[in-house]
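If you're wondering where the values come from, they're calculated on a predicted model, not measured in any experiment.
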Amino acid sequence: MNEDAIVVEPVVTAEKLASLLAVGCELPMLDFKQVVDLDEHSELVELAKDVAALRSCGGYLAIGVNDEGEAIGLDEVSAAKFDEANLRQKLEKFLHPTNLIAARHKTDGKHVVLIYVPRHPLGFTVVKVLGEYTKPGGGQKIVLRPGDVFVRHGTSSERWAEGDVEALLRPRDNALRESHRAEFAATVAAIQSGAQGQSIASGPVQSLVWQLDQASFDGAVVELLRRADLVPIRLFLVRTPGEARASANRGDRDELNTILDRLVSLAAIALTLGHAELEHDVTEALANIYEASAIVSYPVSDAEPVRSQFVWLDVLARVVALGGLAVVMKEWGTVRALALQSAPDNSYASWLRHGLTHAARANIFPTTASGKPEQGALIPLARRVAHRLPALRPYAPDDDRYDPTPGADIAPIDPVLDSLCAFDALAALVVMADLPSDRFDDHHYYPSFGHYYSTRSEPYWARVLKDPTMRDVLLPDVDDEMLGRAMSTVARVAHTVVQGGWGLWDVEDNTVMKFIQDWRREDAERRGSE
């Protein structure tokens, strides 16, 4: 039987177990164990050695099976110990984090455990600590030493030798070469897009249209700004809101979203290149599209117009994405302008609250694969926009590492997500601090950032308190009393924003905590003296 008899894939189903047992013998990528008791130190150490060796090639461990692939079975107590979390915790005493998966099955009424061990990205794993035990006849057996690397030699797990190094590193080297080829291809494509942009920029003034593909559009805008030729851009901004309204009236939401993508990309490029006035004009165009959707539309075809709630949500997803870029660029005036854009209904303090509320009432937010509403309100939508449009994340060109699909795991470090949370947290302060006393209540802003850990947004609150220049631009004429009232209120709501329990967000920064506590104490004293 050769190694090709088994295909290594990350599944531990009963069907996969049956196919592995049918092989009938051990292979470099398949190891059988009759008995392993995870509470027995000697057996755990030996198992750790086999797992370390399998990480050099990827493969399976079947426990409760003899060398011929026959199910011998573990007792129920021993099998239960192979809970995935428990198994990882025990192995990580000796090995660096192990992303294995495990499952317990019954074969012919016998308990068998199947473990999948993925190949380490480097091609090997390094032992962390000493692993030894006392042999039955006396004396110590050293199985693992710090710095050891184990590989599979046939069906044995052994320390690597010089001859193993090239074979272990070859897949990684091939992957690196393929990655370099992909990067080179991307560079060539970027050059070609730039050339296309130059060609468009050199053409008639009507050449800048939303129908261009995204890369050509972005390249043309950059080239026009480099040449200081704003005429095609101004004409584009005059035409586009009307074209967006026409798309909405025809019921063509896809076309509407394409137009919105081109507009927000234009704003992002302008913001990045320091054209604040142009970015402001694009925001005005987005606001015109937003406001027009509140007016009754008359269809220009038999199709139903795009519902206003969808238009508002689509616009705001791009506004928040643009706000995230403004935070990274430290354009605090843009953050303020995006937050305070008025809503068609004067009962709302900002279009951010207006659109979010109407979208929630219309039940149009995306859902996860399980059918549950996606958490995070506007932020996940903005994250997908930023993920799709490179102009919105020039500071994070490798955003493809992060999966923005509904319900996907969130990486601990995600610069785009952090910027969006920061914008939302700053926008909340801007809106709330701008409210007159007779209109102030906690319903005027929904803190979408409260669905994420405070480390993604709270540092920017601390910066507001420490950086007078930032505060003067972001919150002009806002004294400590007004800011304290806004910050205290938003912090309280953000902490409880997750439905059915406490949120992930909490005040942790000492500067922010002291500022809020001081304001609450002074506010209590003021109320007591009245």
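Ion pairing between a basic and an acidic side chain is recognised when a charged N comes within 4.0 Å of a carboxylate O; Glu481 and Arg485 show no such pairing. In summary, Asp509 and Arg463 do not engage in a salt bridge, as defined by a charged side-chain N under 4.0 Å from a carboxylate O.
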- request: Please step through side chain to side chain contact (heavy atoms under 4.5 Å, CB included) for the pair Val319 and Trp351, ending with a clear verdict.
  value: CA-CA 10 Å; Val319 167; Trp351 62 347; 3.5 Å; yes
- prompt: When you look at Leu235 and Leu208, which way does the side chain to side chain contact (heavy atoms under 4.5 Å, CB included) test go after all the steps?
  reply: CA-CA 9 Å; Leu235 290 173; Leu208 188 68; over 6 Å; no
- prompt: Could you walk me through whether His280 and His275 pass the side chain to side chain contact (heavy atoms under 4.5 Å, CB included) check?
  reply: CA-CA 9 Å; His280 175 268; His275 289 261; over 6 Å; no
- prompt: Between Leu392 and His387, does a side chain to side chain contact (heavy atoms under 4.5 Å, CB included) hold up when you go through it step by step?
  reply: CA-CA 8 Å; Leu392 285 163; His387 181 88; over 6 Å; no
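For the pair Thr334 and Thr283, the minimum side-chain heavy-atom distance is 4.5 Å or more. Looking only at side-chain heavy atoms (C-beta outward), Leu17 and Tyr60 stay at 4.5 Å or farther from each other. In this structure the side chain of Tyr446 reaches within 4.5 angstrom of the side chain of Arg353, judged on heavy atoms. Side-chain contact between Arg250 and Val306 is absent, with no heavy atoms from C-beta onward closer than 4.5 Å. Between Phe515 and Leu483 there is a side-chain heavy-atom pair separated by less than 4.5 Å. Within the 4.5 Å cutoff, no side-chain heavy atoms of Leu286 are placed close to those of Gln341. Residues Leu263 and Leu237 have side chains in contact (heavy-atom distance under 4.5 Å, counting atoms from C-beta outward). The shortest distance between side-chain heavy atoms of Arg262 and Thr240 does not fall below 4.5 Å.
Note: Thr489 OG1 to His443 NE2 = 11.5 Å, rounded to the nearest 0.5 Å. Rounding to the nearest 0.5 Å places CG of Leu266 at 6.0 Å from CD1 of Ile233. Atoms CZ and CZ, from Arg383 and Arg393 in turn, are 11.5 Å apart once rounded to the nearest 0.5 Å. Put simply, CD on Glu458 and CG on Asp506 are 8.0 Å apart, with the number rounded to the nearest 0.5 Å. Remark: Met487 CE to Asp480 CG distance equals 9.5 Å, nearest 0.5 Å. Atom-to-atom distance recorded for Leu224:CG and Arg234:CZ is 12.0 Å, nearest 0.5 angstrom.
Scanning both residues, Met482 and Asp479, for their nearest heavy atoms gives N-OD1, 2.8 Å. Nearest heavy atom pair, residue Phe217 against residue Val209, reads CD1-O, 3.7 Å. The two residues Leu352 and Leu378 make their nearest non-hydrogen contact at O-CD1, 4.2 Å. Contact record, Pro394 with Leu325: CD-CD1, 3.8 Å, taken as the closest heavy-atom pair. The shortest non-hydrogen separation linking Phe365 to Leu356 is CE1-O, 3.9 Å. The minimum heavy-atom distance linking Pro447 with Val490 is given by the pair CB-CG1, 4.5 Å.
Judged purely by atom type and a 3.5 angstrom limit, Arg471 has no side-chain atom pairing as donor or acceptor with the backbone of Val464. Remark: side-chain polar atoms of Ser488 are not paired, donor with acceptor, to backbone N or O of Ile516 under 3.5 angstrom. Side chain of Ser308 to backbone of Ser293: a donor-acceptor contact under 3.5 angstrom is found.
Ser265 and Gln214 form a side-chain donor-acceptor contact under 3.5 Å, judged by distance and modelled atom types alone. If you check the side chains of Ser19 and Glu15, you find no donor sitting under 3.5 Å from an acceptor.
Around atom CG of Asp477, no more than 12 heavy atoms belonging to other residues, nucleotides or ligands sit under 6.0 Å away. Within 6.0 Å of the OH atom in Tyr453, the count of heavy atoms belonging to other residues, nucleotides or ligands does not exceed 12.
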In residues 416-436, what donor-acceptor pairs under 3.5 Å come from side-chain atoms, sequence neighbours left out?
| from | atom 1 | to | atom 2 | distance (Å) |
| --- | --- | --- | --- | --- |
| Asp418 | OD1 | Arg456 | NH1 | 2.5 |
| Ser419 | OG | Tyr395 | OH | 3.0 |
| Ser419 | OG | Val416 | O | 2.7 |
| Asp424 | OD1 | Tyr445 | OH | 2.7 |
| Asp424 | OD2 | Ser448 | N | 2.8 |
| Asp424 | OD2 | Phe449 | N | 2.8 |

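Residues meeting the side chain to side chain donor-acceptor pair (under 3.5 Å) test with Arg318, sequence neighbours left out: Asn257, Asp261. Partners of Tyr348 by ring pair (Phe, Tyr, Trp, His ring centres under 6.0 Å), not counting sequence neighbours, listed by chain and number: His354, His358.
Aromatic ring centroids of Trp312 and Tyr290 lie under 6.0 Å apart.
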